[in-house]
Amino acid sequence: MFFLKNRIRRRIGLALAGIMLALCCAAAPAGSVAAADASILPMYQRAVDFPRGDLSRLAQVIRRAQCGEPITIGFLGGSITEGRGAGSIQDCYVSQVYKWWCDTFPQAEITAVNAGIGGTSSYLGVHRVDTELLVHRPDLVFIEFAVNDTYTEFCMNSYENLIRKVLMADSNPALVLLFAANSDGNSSQAVEAALGQYYELPMISYGNAVIPEVAAGSFMWHEIAADTVHPNNMGHAIFAGLITTFLEDVRARIDQTAVRPERLQQYELPEPVTPQIYQNAHIVNAETITPLDMTGYGIYDFNYHFTDNWYSMEEGSFLSFSVEASNIGVLYQRTVEGTFGQYDVYVDDVYVRTLDGNYVEFYGTETEAEALYSSPDGSTAAHVIKIVKNPQSVNVDFVLIGLLLS
């Protein structure tokens with residue numbers, strides 16, 4: 001996660017965040033596509049080919065920026081949001097969208113919070129959104145999980161819970177849904193867009209924009225992507241161009257935009273489509289929970305994104321926890337080196353699954369979140385979680401990042 005502020009670029013001798021910001025705002029990124037560039041308009045028209053949604057909150061954010069008020073913009077998603085595939089931090093779509101806000105509203109202090117983590121889905125997103133994004137009281141939030149979520153009821157459930165969490169946040173943020181896609185056009189866009197329409201949210205599809213262009217031979221996929229999923233500099237520039245063209249469009253029509261005053265504050269959301277089991281979802285780690293029993297584990301900041309991990313390096317390592325929850329998940333570290341072990345998880349002495357600390361590159365992720373237990377009737381109760389090395393595991397190394405509870 002990184003933060004950017006446009007006023008920082010007017011100062012000298014800053015720390016890393018300021019240096020990153022200066023790179024983002026000093027000049028247009030390589031291969032950038034400006035908002036309303038004629039080359040992007042056909043793609044843009046397809047990208048926003050959804051019901052327009054309610055723009056009350058977004059129009060309010062733009063008006064506030066025009067008046068010079070401070071604005072915080074949040075981005076929550078996977079590796080594309082984190083910036084994977086871009087040549088440098090200033091080339092990722094988040095930085096380019098941030099730069100548009102800086103350049104368009106130089107009188108306002110603009111802060112951007114990038115809460116993208118590679119390989120993660122809305123299931124982890126709904127557990128971390130409070131502490132990694134909403135705590136910063138964003139005025140505008142972009143969510144991008146289309147290529148990491150699966151076309152399942154499970155992801156539909158976590159994604160809807162995430163939408164509702166953001167819309168009900170204390171800062172009353174505007175929310176825009178983003179849909180990336182891989183090289184064959186696969187994504188969970190259909191499920192997520194259906195929810196977006198239900199909640200009257202504006203939506204922008206990178207997949208709708210670029211896949212037809214590839215099919216028509218306008219450009220090859222490898223010209224806009226570093227691999228089958230991650231945009232390269234040009235791909236990130238296109239993604240940013242779609243978003244900033246949308247923002248320019250809203251800004252140009254702001255005087256004609258109908259504003260529903262009740263939407264600017266807390267308002268009654270429509271009835272949920274899926275069970276609202278993650279509204280209090282959160283992560284506990286070695287700083288916030290004490291194990292019932294811990295043998296052979298040390299506490300380290302092993303994971304790049306999450307601190308206070310439990311790290312097993314001894315034969316016979318054992319962890320157990322007592323929690324009060326209706327839903328339980330686990331967040332653990334994986335590695336492509338093949339040096340980690342396999343550990344079994346039990347909930348209330350019932351074997352649930354084996355966690356493999358290894359994965360094959362391009363077919364997994366280093367920060368893995370898995371659901372373990374969900375109460376059949378939604379009731380909260382005390383549960384005991386045990387994590388023990390699988391008898392067949394050759395290696396002993398294992399990193400537990402945290403427990404996912406709701």
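What you see is a predicted model; the values in this text were computed from it and never measured.
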### Summary
The single option from Arg63, Arg57, Arg64 that satisfies salt bridge (Lys or Arg N to Asp or Glu O under 4.0 Å) with Asp139 is Arg64

### Task
Test ring pair (Phe, Tyr, Trp, His ring centres under 6.0 Å) on Phe179 and Phe239 and set out the steps.
CA-CA 10 Å; Phe179 309 130; Phe239 207 167; 9.8 Å; no

Side chains of [X] and [Y] in contact at under 4.5 Å (non-hydrogen atoms):
X      : Y      : result
Arg128 : Ile117 : yes
Thr152 : Met156 : no
Asp344 : Tyr351 : yes
Asp130 : Val135 : no

Closest heavy-atom pair and its distance - [X], [Y]:
X      : Y      : value
Thr257 : Ala59  : CG2-CB, 4.1 Å
Ser406 : Ala281 : CB-CA, 3.7 Å
Gln66  : Ile254 : OE1-CD1, 4.4 Å
Ser379 : Ser326 : O-CB, 3.2 Å
Pro138 : Leu133 : CD-O, 3.5 Å
Ile277 : Asn161 : N-OD1, 3.3 Å

### Task
Assess whether atom CD of Glu262 is packed by more than 12 heavy atoms of other residues, nucleotides or ligands within 6.0 Å.
yes

#### Entry: CD/Glu271: more than 12 non-hydrogen atoms of other groups inside 6.0 Å
no

#### Entry: Qualifying residue, where the test is ring-ring contact (aromatic ring centres under 6.0 Å, His included) with Trp310 and the options are Tyr343, Phe321, Phe302
Phe321

Quick check for you: to the nearest 0.5 Å, what is the distance between [X] atom [atom1] and [Y] atom [atom2]?
X      : Y      : atom1 : atom2 : result
Tyr206 : His236 : OH    : NE2   : 8.0 Å
Glu160 : Leu162 : CD    : CG    : 10.5 Å
Cys102 : Glu109 : SG    : CD    : 10.0 Å
Tyr93  : Leu178 : OH    : CG    : 5.0 Å
Ser322 : His383 : OG    : NE2   : 9.5 Å

### Sub-6.0 Å ring centroid separation between Phe75 and Phe142
yes

### Message
I want to know whether Tyr123 and Phe154 have ring centres closer than 6.0 Å.
### Response
yes

### Message
Using salt bridge (Lys or Arg N to Asp or Glu O under 4.0 Å), reason through Arg263 and Glu200 one step at a time and then give a plain yes or no.
### Response
CA-CA 11 Å; Arg263 292 294 182 98; Glu200 300 182 76; 2.8 Å; yes

### Criterion salt bridge (Lys or Arg N to Asp or Glu O under 4.0 Å) on Arg334 and Glu368, from CA distance to verdict
CA-CA 7 Å; Arg334 303 178 82 190; Glu368 187 67 54; 3.1 Å; yes

#### Entry: Short side-chain to backbone donor-acceptor contact, Glu192 and Ser187, under 3.5 Å
no

#### Entry: Ser158 side-chain N/O to Cys155 backbone N/O, donor-acceptor pair under 3.5 Å
yes

